[in-house]
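I have placed the structure first, in the form of structure tokens, so that the comments after it can refer back to it.
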Amino acid sequence: MFYRGKYIDSGDAREMGFKRQRLMDQGSSYYGAPPGPSYMYNTPPPPPPVYSYVPPPFPVVRLRGLPFDCAESEIADFFHGLDIVDVLFVRKGGKFTGEAYCVLGYPLQMDFALQKNRQNIGRRYVEVFRSRKEEYYKAIANEVFDAQGGSPRRGAPRARSYDESKDLAEYKGVLRLRGLPFNASKEDIMDFFKDFVLSEEKIHMIANSEGRPTGEAFVEFASPEDSRAAMAKDRMTLGYRYIELFPSSHEELEESASRGRLLPKSYEGKELTELTSVLRMRGLPFSAGKDDIIEFFQNFTLLEDSIHITYNYEGRPTGEAFVEFASMDDAKAALAKDRMTLGSRYIELFPSSVEEMNEAISRGR
């Protein structure tokens, strides 16, 4: 599950906050009738037009026909190149219905998402429909209702079996987390488990096939007893997302590592220890070109050949780019532009490397 609840009023353009509807002032003092007896003979001026702000639609689509073992990372891959804020799988009676809601970063991205209608995830073709904010919030309410037990008819059997399976599980000192925000860092996880002694080396973020975060992680605790005690944090929130915890093992962690499913160091927030002259940009408008990036970094000397916009396998821009600066000092200074806007989008900047840049370019991303 992604950063649910991010759709709030805010000055941050990336948090999709919409201002409340406002009517312009229609005060009568300015448009009132002129004083004096001439009012009897003159036609009063027409009332001023009423203007109102109509917010764009809530950017959510509904998917139908998903594989029953579908994961959030597969939805993110399906909508590759779009900003995925949340994925909510729909369940009834504890069983997955094959439907899900996907909240996108911007209303304009809905048109791109709808182009994926009847394309495949695995062997299943998936239908994509427009949806509404009310339907999405209702689905969230139903999920919370079921998770808390709900009525005897609907949710209680699922909730009991779900919790009992965790209570009866064997704890080996490792927990798996699900539902993390994509931008969650190891520091965020350490703060989530602030009652326990953890180090960054004991936190392992899971990546998808492209090396991007999936919203899952493994955490190694000092003892099996600590991991059992940490289960008290199950379904508590990190930011606006509630986090699910599952007992795991070192074997499952090692299997993920052997399959290359652990997040590369350069994607872990801003944790790259050795700064280079390369920065990675994320959140670019799909229409952005090299000239726009040069303008964004107008205080630095950049050539077009030092800017590498990445594309997906269909040749469409991913919203990311790599920029080679003249020196490490320039790259460090350019990080001050992190979360500043390019057009209507705020841009995230990450320390990167020549190796990561070349790998992304060679994959045709």
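When reading the values below, keep in mind they use all heavy atoms of this one structure, side chains included, and skip hydrogens, waters and symmetry mates.
Side-chain contact annotation: Ser277 with Ser327, donor-acceptor N/O pair under 3.5 Å absent.
With a 6.0 Å radius and a threshold of 12 heavy atoms from other residues, nucleotides or ligands, Phe112 has its CZ atom at or below the threshold. Residue-environment remark: NZ (Lys332) stays at or below the threshold of 12 foreign heavy atoms within 6.0 Å.
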Start with the C-alpha distance between Asp111 and Arg130, add both sets of side-chain angles, then the distance that settles salt bridge (charged side-chain N to carboxylate O under 4.0 Å, His left out), and finish with yes or no.
-> CA-CA 9 Å; Asp111 292 333; Arg130 291 184 183 274; 3.1 Å; yes
Please walk me through it: do Glu135 and Arg132 pass salt bridge (charged side-chain N to carboxylate O under 4.0 Å, His left out)?
-> CA-CA 5 Å; Glu135 295 175 345; Arg132 296 181 293 113; 3.6 Å; yes
Any chance you could lay out the side chain to side chain donor-acceptor pair (under 3.5 Å) test for Ser353 and Thr276, step after step, and finish with the verdict?
-> CA-CA 6 Å; Ser353 64; Thr276 70; 5.9 Å; no
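Taking 4.5 Å as the limit, some side-chain heavy atom of Tyr136 sits within range of a side-chain heavy atom of Val103. Side-chain contact between Met205 and Ile203: present, with at least one pair of heavy atoms (C-beta onward) separated by less than 4.5 Å. Side-chain contact between Phe286 and Thr318: absent, with no pair of heavy atoms (C-beta onward) separated by less than 4.5 Å. Annotation: side chain of Gln119 is not in contact with side chain of Tyr125 (no heavy-atom distance under 4.5 Å). Considering only heavy atoms from C-beta on, Met281 comes within 4.5 Å of Phe297 through its side chain. Residues Phe193 and Leu177 meet the side-chain proximity criterion, which asks for heavy atoms closer than 4.5 Å. Looking at Ile243 and Thr237, their side chains never come closer than 4.5 Å, going by heavy atoms from C-beta outward. For the pair Val87/Glu74, no side-chain contact is recorded, criterion being any heavy-atom separation below 4.5 Å from C-beta on.
Lys116 forms no cation-pi arrangement with Phe79, by the criterion of a distance under 6.0 Å to the ring centre and an angle within 45° of the ring axis. The cationic atom of Lys202 (NZ for Lys, CZ for Arg) does not lie both less than 6.0 Å from the six-membered ring centre of Phe221 and within 45° of the ring axis.
Side chain of Asn358 to main chain of Glu355: no donor-acceptor pair is present (N/O by atom type, distance under 3.5 Å, no hydrogens or angles). With hydrogens and angles ignored, the 3.5 Å screen pairs no side-chain donor or acceptor of Thr97 with any backbone N or O of Arg91. With Lys133 contributing its side chain and Phe58 its backbone, the two residues share no donor-acceptor pair below 3.5 Å. Asp338 places no side-chain N or O within 3.5 Å of a backbone atom of Leu335 that could act as its donor or acceptor partner.
A salt bridge is absent between Arg235 and Glu244; no separation between the charged side-chain nitrogens and carboxylate oxygens falls under 4.0 Å. The pair Asp83-Arg345 counts as a salt bridge, with a side-chain nitrogen and a carboxylate oxygen less than 4.0 angstrom apart.
Phe218 and Ser248 get closest at one heavy-atom pair: CE2-OG, 3.3 Å.
Distance check, rounded to the nearest 0.5 Å: CD1 of Ile75 to CG of Asp86 gives 11.5 Å. Rounding to the nearest 0.5 angstrom, the gap separating the OG atom in Ser352 from the CD atom in Glu320 is 9.5 Å. The distance from the NZ atom of Lys290 to the CG atom of Leu303 is 10.0 Å, given to the nearest 0.5 Å.
Taking the six-membered ring where the residue is Trp, the centroids of Tyr101 and Phe89 are separated by 6.0 Å or more.
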